[in-house]
Enquirer: 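For reference, the structure I am asking about is given below.
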Amino acid sequence: QVQLVESGGGLVQAGGSLRLSCAASGSIASINAMGWYRQAPQKQRELVATIRNGGNTNYPDSVKGRFTISRDNAKNTVYLQMNSLKPEDTAVYYCNADGYYHSGLTVRPFGSWGQGTQVTVSS
């Protein structure tokens with residue numbers, strides 16, 4: 001019942017920057033964590049960045065220092081600022097969120113994925 005929509009992908013030259021956005025909507029009670037993952041052709045989906053509601057972030061070494069994840073809790077939106085992009089960053093980027101949504105008089109856990117946005121970095 002929680003929907004996620006990504007935006008901001010596109011084509012950029014190596015060394016350039018992109019800013020991705022992902023907005024969550026629905027009967028949200030709370031969002032515990034949000035994150036970004038990516039999947040290149042014929043490769044497994046991999047973690048790009050995560051952020052918890054308290055602001056704690058996590059990055060793999062492949063993007064650390066180049067990518068920055070942030071969130072606006074009031075807007076239920078997570079962002080990914082990508083700088084110094086490399087051709088190996090080319091992938092479909094997916095956002096993810098987990099938390100709880102309202103269901104009648106109670107709440108239930110959810111885990112949702114967006115549809116993905118293509119990021120292509122040319123050499």
Side-chain angles (χ1 to χ4, degrees):
Q1 294 297 319
V2 178
Q3 311 293 328
L4 275 63
V5 179
E6 304 101 333
S7 62
L11 175 64
V12 64
Q13 292 184 344
S17 298
L18 284 174
R19 180 176 171 86
L20 306 182
S21 300
C22 175
S25 62
S27 300
I28 299 170
S30 64
I31 297 178
N32 296 328
M34 305 185 80
W36 290 94
Y37 298 75
R38 66 187 182 188
Q39 188 167 19
Q42 299 182 359
K43 294 184 178 180
Q44 292 184 333
R45 187 171 299 186
E46 65 177 349
L47 171 72
V48 176
T50 59
I51 184 168
R52 298 176 180 176
N53 57 11
N56 188 33
T57 59
N58 185 36
Y59 306 92
D61 290 339
S62 59
V63 307
K64 192 173 299 181
R66 299 187 299 119
F67 292 8
T68 302
I69 188 171
S70 61
R71 63 190 288 178
D72 185 335
N73 291 331
K75 298 180 179 179
N76 291 322
T77 299
V78 62
Y79 306 93
L80 184 68
Q81 179 66 46
M82 303 184 293
N83 299 324
S84 301
L85 283 163
K86 305 175 181 179
E88 50 262 45
D89 295 319
T90 296
V92 177
Y93 284 70
Y94 300 89
C95 67
N96 171 264
D98 67 82
Y100 295 87
Y101 71 97
H102 295 285
S103 180
L105 298 178
T106 187
V107 295
R108 296 181 180 181
F110 77 88
S112 297
W113 291 91
Q115 292 298 113
T117 184
Q118 177 71 49
V119 172
T120 302
V121 184
S122 62
S123 60

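The shown structure was predicted, so the numbers you read here are calculated from the model rather than taken from an experiment. Nothing fancy with the numbering, it's 1 onward along the sequence.
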Enquirer: Hey, is OH on Y100 packed in by over 12 heavy atoms from elsewhere, all under 6.0 Å?
Expert: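 No.
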Enquirer: Is the shortest side-chain heavy-atom distance between I51 and Y59 below 4.5 Å?
Expert: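 I51 does not reach Y59 side chain to side chain.
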Enquirer: What is the distance from atom OG1 of T50 to atom CG of N56, rounded to the nearest 0.5 Å?
Expert: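 CG of N56 is found 7.5 Å from OG1 of T50.
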Enquirer: Membership question, hydrophobic clusters at under 4.5 Å side-chain separation (ILVMFWY): are V121 and Y94 in the same one?
Expert: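 No, Y94 and V121 fall in different hydrophobic clusters.
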Enquirer: Quick one, D72 and Y79 - any side-chain contact, counting heavy atoms below 4.5 Å?
Expert: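 The answer is yes; the side chains approach within 4.5 Å.
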Enquirer: Do you know which of T77, N73, V78 makes side chain to side chain contact (heavy atoms under 4.5 Å, CB included) with K75?
Expert: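 With K75 as partner, T77, N73, V78 yield a single side chain to side chain contact (heavy atoms under 4.5 Å, CB included), made by T77.
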Enquirer: State, with a plain yes or no, whether a side-chain heavy atom of D89 is found less than 4.5 Å away from one of R66.
Expert: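 A side-chain contact exists here, since the closest heavy-atom pair is under 4.5 Å.
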Enquirer: With a cut-off of 3.5 Å and sequence neighbours excluded, list every side-chain donor-acceptor pair involving residues 13-34.
Expert:
{"from": "S17", "atom 1": "OG", "to": "N83", "atom 2": "OD1", "distance (Å)": "2.9"}

Enquirer: Counting only pairs under 3.5 Å, give me each side-chain donor-acceptor contact of residues 1-12, with atom names and distances, residues two or more places apart or in other chains.
Expert:
{"from": "E6", "atom 1": "OE1", "to": "Q115", "atom 2": "N", "distance (Å)": "3.0"}
{"from": "E6", "atom 1": "OE1", "to": "G116", "atom 2": "N", "distance (Å)": "2.8"}
{"from": "E6", "atom 1": "OE2", "to": "C95", "atom 2": "N", "distance (Å)": "2.9"}
{"from": "E6", "atom 1": "OE2", "to": "G116", "atom 2": "N", "distance (Å)": "3.1"}

Enquirer: Please find the pair of heavy atoms, one from A91 and one from A40, that lie closest to each other, and give the distance.
Expert: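 Minimum heavy-atom separation between A91 and A40: CB-N, 3.8 Å.
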Enquirer: Rounded to the nearest 0.5 Å, what separates atom CD in E46 from atom OH in Y37?
Expert: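 Reported to 0.5 Å precision, the distance equals 11.0 Å.
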Enquirer: Could you grab the distance from atom OG1 of T57 to atom CZ of R71, nearest 0.5 Å is fine?
Expert: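 Here the rounded value is 11.5 Å.
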Enquirer: Distance from L47 atom CG to W36 atom CH2, nearest 0.5 Å?
Expert: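 Here the interatomic distance stands at 13.0 Å.
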Enquirer: Side chains of R38 and L80, heavy atoms from C-beta outward: is any pair under 4.5 Å?
Expert: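 Side-chain contact under 4.5 Å: no.
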Enquirer: Locate the shortest heavy-atom distance separating R108 from S103; write the atom from each residue and the value.
Expert: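 Where R108 meets S103 most closely, the heavy atoms are NE-OG, 3.5 Å.
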